[in-house]
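Heads up: the structure comes next, in C-alpha cells.
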Amino acid sequence: MSKFIIKSETPTEGLDWGNLTWISRPPATGSEYITAISIELFPAKGHDFHKHPDQEEVIFCITGTIEQWIGDEKKTLGPGDSVFIAKDVVHATFNVGDEPAHLMVTLGPCVGPEGYELVDVFEEEPWKDLRK
C-alpha cells in the first residue's frame, strides 16, 4: 500500500532527549523494509549507546551539530553529514550544539510489529564510561 504522509496527521512521540515523528513503520504504512523517523534532538541531550541487532541504520543530519559514535569512534557531524551503521553495532548520538538538531533516520528491514528493535547498552562497560 502506498500513501501520502502528512505532517499534521503524523504522530510525534516525546522523549526526555527529543521528539520522534514516525514517518514510516508497519502499523502506519504497512512497510516491510523501511522504518523512517524524523528526530528533533534537544540541546545537551542524546540517544545514548544502543544497537539494533537485525537492522541497518542511516542517520542524516539536517540541522544542528551532533556527536556521533560508532562503537568507540566518534565524529562531530553537521548539516548534510550522515552515518551508516551496520546491524548489531553499538552507536549513540548526542546534540553538542545550542539549538535542537534535526535528523532523518532510516532503518531496515522492519523488525517486529513496530518495525523497530532496540537494545540499550549504555549501562554496560565500556559504554557507560566512554563519554566521561
Side-chain angles (χ1 to χ4, degrees):
M1 149 178 74
S2 298
K3 70 181 290 183
F4 292 102
I5 299 149
I6 308 303
K7 182 178 181 179
S8 63
E9 300 169 1
T10 306
T12 296
E13 179 181 349
L15 301 172
D16 64 341
W17 51 266
N19 293 313
L20 286 70
T21 302
W22 295 91
I23 305 300
S24 178
R25 62 181 175 166
T29 62
S31 176
E32 295 178 34
Y33 301 103
I34 301 171
T35 295
I37 313 162
S38 173
I39 295 179
E40 176 187 26
L41 191 61
F42 299 148
K45 299 289 185 176
H47 191 184
D48 216 337
F49 291 95
H50 64 282
K51 61 184 177 175
H52 310 282
D54 297 306
Q55 292 180 293
E56 297 176 330
E57 180 174 14
V58 173
I59 300 172
F60 178 79
C61 184
I62 299 168
T63 65
T65 305
I66 60 171
E67 177 184 285
Q68 181 63 54
W69 290 80
I70 303 175
D72 62 358
E73 179 183 2
K74 73 174 176 175
K75 292 222 181 270
T76 301
L77 304 179
D81 294 332
S82 60
V83 60
F84 168 78
I85 304 158
K87 66 180 181 177
D88 207 36
V89 172
V90 174
H91 57 284
T93 310
F94 300 96
N95 184 343
V96 293
D98 296 329
E99 301 291 327
H102 293 93
L103 313 172
M104 186 65 193
V105 176
T106 306
L107 297 104
C110 295
V111 175
E114 297 299 315
Y116 180 77
E117 67 174 350
L118 173 86
V119 176
D120 283 319
V121 297
F122 60 87
E123 293 182 346
E124 301 173 16
E125 291 292 347
W127 317 113
K128 69 179 186 175
D129 296 320
L130 201 54
R131 290 189 81 223
K132 293 183 181 181

- Message: With a 3.5 Å distance limit and no angle check, can you tell me whether Ser24 reaches the backbone of Thr29 through a side-chain donor-acceptor pair?
- Response: no

- Tightest non-hydrogen contact, residues Asp48 and Ala92, listed as C-CB, 3.8 Å

- Query: Listed by chain and number, what are the side-chain contact (heavy atoms from CB on, under 4.5 Å) partners of Asp16, not counting sequence neighbours?
  - Reply: none

- Message: Do Ser82 and Cys61 have side chains that approach each other closer than 4.5 Å (heavy atoms only, starting at C-beta)?
- Response: no

- Task: Kindly state each residue pair satisfying side-chain hydrogen bond (donor to acceptor under 3.5 Å, both in side chains) with at least one member in residues 58-79, sequence neighbours excluded.
- Result: Thr63-His102, Glu67-Trp69, Glu67-Arg131, Gln68-Thr93

- Task: Check the pair Thr10, Thr21 against side chain to side chain donor-acceptor pair (under 3.5 Å), reporting the backbone distance first and the verdict last.
- Result: CA-CA 7 Å; Thr10 306; Thr21 302; over 6 Å; no

- Query: In the single-linkage hydrophobic clustering (I, L, V, M, F, W, Y; side-chain heavy atoms under 4.5 Å), do Val89 and Ile37 co-cluster?
  - Reply: yes

- Only one of Glu57, Lys51, His47 passes side chain to side chain donor-acceptor pair (under 3.5 Å) with His91; say which it is. Glu57

- Task: Find out if a path of hydrophobic residues (ILVMFWY) with successive side-chain heavy-atom gaps under 4.5 Å connects Val121 to Ile59.
- Result: no

- same_hphob_cluster(Phe94, Leu118) at 4.5 Å side-chain heavy-atom cutoff: no

- Message: Taking the side chain as everything from C-beta on, heavy atoms only, tell me whether Glu117 gets closer than 4.5 Å to Leu107.
- Response: no

- Item | Lys3 side-chain N/O to Ala28 backbone N/O, donor-acceptor pair under 3.5 Å | yes

- Note: Pro26 and Gly112 closest approach over all heavy atoms is CG-O, 4.3 Å

- Should Ile62 and Ile23 be counted in the same cluster of Ile, Leu, Val, Met, Phe, Trp and Tyr side chains packed under 4.5 Å apart? yes

- Query: Just wondering, do Arg25 and Ser31 contact through their side chains at under 4.5 Å, heavy atoms?
  - Reply: no

- Spacing of CD1 belonging to Ile39 relative to CG belonging to Leu103, to within rounding of 0.5 Å: 6.0 Å

- Indicate the atoms forming the closest heavy-atom contact of Gln55 with Gly115, along with that distance. NE2-O, 2.9 Å

- Message: Using only atom types and a distance under 3.5 Å, with no angle test, would you say the side chain of Asp129 pairs donor to acceptor with the backbone of Pro126?
- Response: no

- Query: Is a donor on one side and an acceptor on the other found under 3.5 Å between the side chain of Asn19 and the backbone of Glu40?
  - Reply: no

- Message: Between Asp54 and Lys87, does any NZ, NE, NH1 or NH2 come within less than 4.0 Å of an OD or OE carboxylate oxygen?
- Response: no

- Summary of ring pair (Phe, Tyr, Trp, His ring centres under 6.0 Å) pairs that have at least one residue in residues 110-132, sequence neighbours excluded: Trp22-Tyr116, Phe49-Trp127, His52-Tyr116

- Validation row: Asp98, Pro43 side chains within 4.5 angstrom (heavy atoms): no

